[in-house]
Amino acid sequence: MKVQFTDVSMRFGAMEVLQHVTIGVEEGEFLCIVGPSGCGKSTLLNIAGGFLAPAAGSVTIDGEPVTAPDRRRIFVFQERGVFPWLTVEGNIGFGLFDMPEEARRQRVAQYIQLVGLDGFEKAYPRELSGGMKQRVEVARALAVNPDVLFLDEPFGALDSITRLQMRSELLRIWRAERKTVLFVTHDIDESVQLADRVVVMSARPGRIRRVVDIDIAHPRDLSSKRYIELRDLIFGEIGLAHQV
Amino acid sequence: MRPSLIPGPIVVGRAIGELAVRGLLVKYVVASLFRVTWGYLAALVIAIPFGLTLGMMSLGEMAINPILQVLRPISPLAWIPIAILWFGVGDVSAIFLIFLASFLPLTVATMNAVHNIDPVHLAAARNFGVPLRARVADVLLPAILPQLIVAMRIALGVAWLVVVAAEMIAVNSGLGFLIVDARNAGDRYDLVIAGMVLIGVIGVVLDLLMRRLERLDSVRWGYATE
């Protein structure tokens, strides 16, 4: 297992947020974690990222316990994680401080191209749309060549059209780079579109209710019978009737 | 008040001309700017690292902040006797007063600016394992710079206010000295007003120069969108 959660529990003061979470993530897998808001899914991701220590249990990556953030696994926040005082180039090269200048320049150019920001190298984040900022952040994360990416509702602040585009972008990049991805979202459709497996969490305190294999090949047809079946299964699992 | 005693613009204009002819205009302006520059620069050099450190260490802040808050409402002019006691009558005293006047607001503003840094940016810096030096230079400083520039502008305004007052007591050149001297040496109220006008104009110019910093590309994100 690339990432292994073993009996992870977490509390903030008297409030229990996670209870006995055990799950393994395989190398190169795309795992989505969905659940109602406040179920502790972001907390779980922060524990895996080394930003929080669990109250009980452990997380290991490649068998090593996680104790602190590490540049081999990068956390992607919503697009506000980009540094507004750096240009697109500056942001993407941020983690490459120990690289020789020329290699660094090449790496930055490579990732600018990968996320389709050619021509915006010298632009500042305030000149970019939300989707473009999110691309910058993804490129900044990928540029340091991490083995694991943690994405915490990365497209939550985007409009629905951009969100859809960003999902196929992310899948394209994931296929090209083969990183292990842990993706937290409250959007059930998003999880079924992206993931190899979806972890469905209960309301607080968060426990794993069910792990759903998404056995549909990419590119996924969003109106196929299987897609709708799996989506409705997760809706049901969270306790939502899928109607308005 | 007898309005006839206040010199009109023409008389004041002539007084400024007289200062220029006697070579005092440039001399006094330079003398005042010299004191402000040194006092203000010393304050910047000390207050910014000090404020950064306090902002990052909550324990240090808990210890020092109350002292800063008590010192802040004390006018720098109240320090004049102590300044003279420590540094004697002269430039150093005046520079010290300017230093004090700008040091306190700069320290407090830097500290507060550190508190306002988006935690996401600090987390990202941690995640990429950036060494401490780069974390300060590439994250902390640029993150606080927009607020810092505003504080620097305000502090420079205060420094300029204080140089004039400091020169009224401790030195024999500068625009503050000009005002006191003009009154003492024969009620030259045209020169008094000339001094006031020069102080006002230079204050505005300094503020305009500082405002230009707010247009730098790397800080514009910190201000309301244009």
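Throughout, protein chains are lettered first and strands after them, A, B, ... in sequence-line order, and every chain is numbered starting at 1.
Proximity of K122(A) to D217(B): side-chain heavy atoms (C-beta onward) are nowhere separated by under 4.5 Å.
To the nearest 0.5 angstrom, R220(B) atom CZ is 10.0 Å from Y124(A) atom OH.
Looking at R126(B) and D70(A), no side-chain N of the basic residue comes within less than 4.0 Å of a carboxylate O on the acidic one, giving no salt bridge.
Looking at V130(B), the atoms closer than 4.5 Å to chain A (heavy atoms on both sides) sit in the backbone and in the side chain alike. With a 4.5 Å cut-off on non-hydrogen atoms, R72(A) does not touch chain B at all. Contacts of F97(A) with chain B are made by side-chain atoms alone, with heavy-atom separations under 4.5 Å and no backbone atom involved. Neither the backbone nor the side chain of A134(B) comes within contact range of chain A, judged by heavy atoms closer than 4.5 Å. The contact between D118(B) and chain A is made entirely by side chain atoms (from C-beta outward), counting heavy-atom distances below 4.5 Å. For chain B, no part of V76(A) is nearby; none of its heavy atoms comes within less than 4.5 Å.
Between W221(B) and W85(A), the ring planes are tilted. Angles from 30° to 60° get that label. Note on ring orientation: taking the six-membered ring where Trp is involved, the planes of F128(B) and F94(A) are perpendicular (angle over 60°, cut-offs 30° and 60°).
No more than 12 heavy-atom neighbours from other residues, nucleotides or ligands sit within 6.0 angstrom of CD on E26(A). Counted within 6.0 Å of CD on Q113(A), heavy atoms from surrounding residues, nucleotides or ligands total 12 or fewer; the atom is thus considered open.
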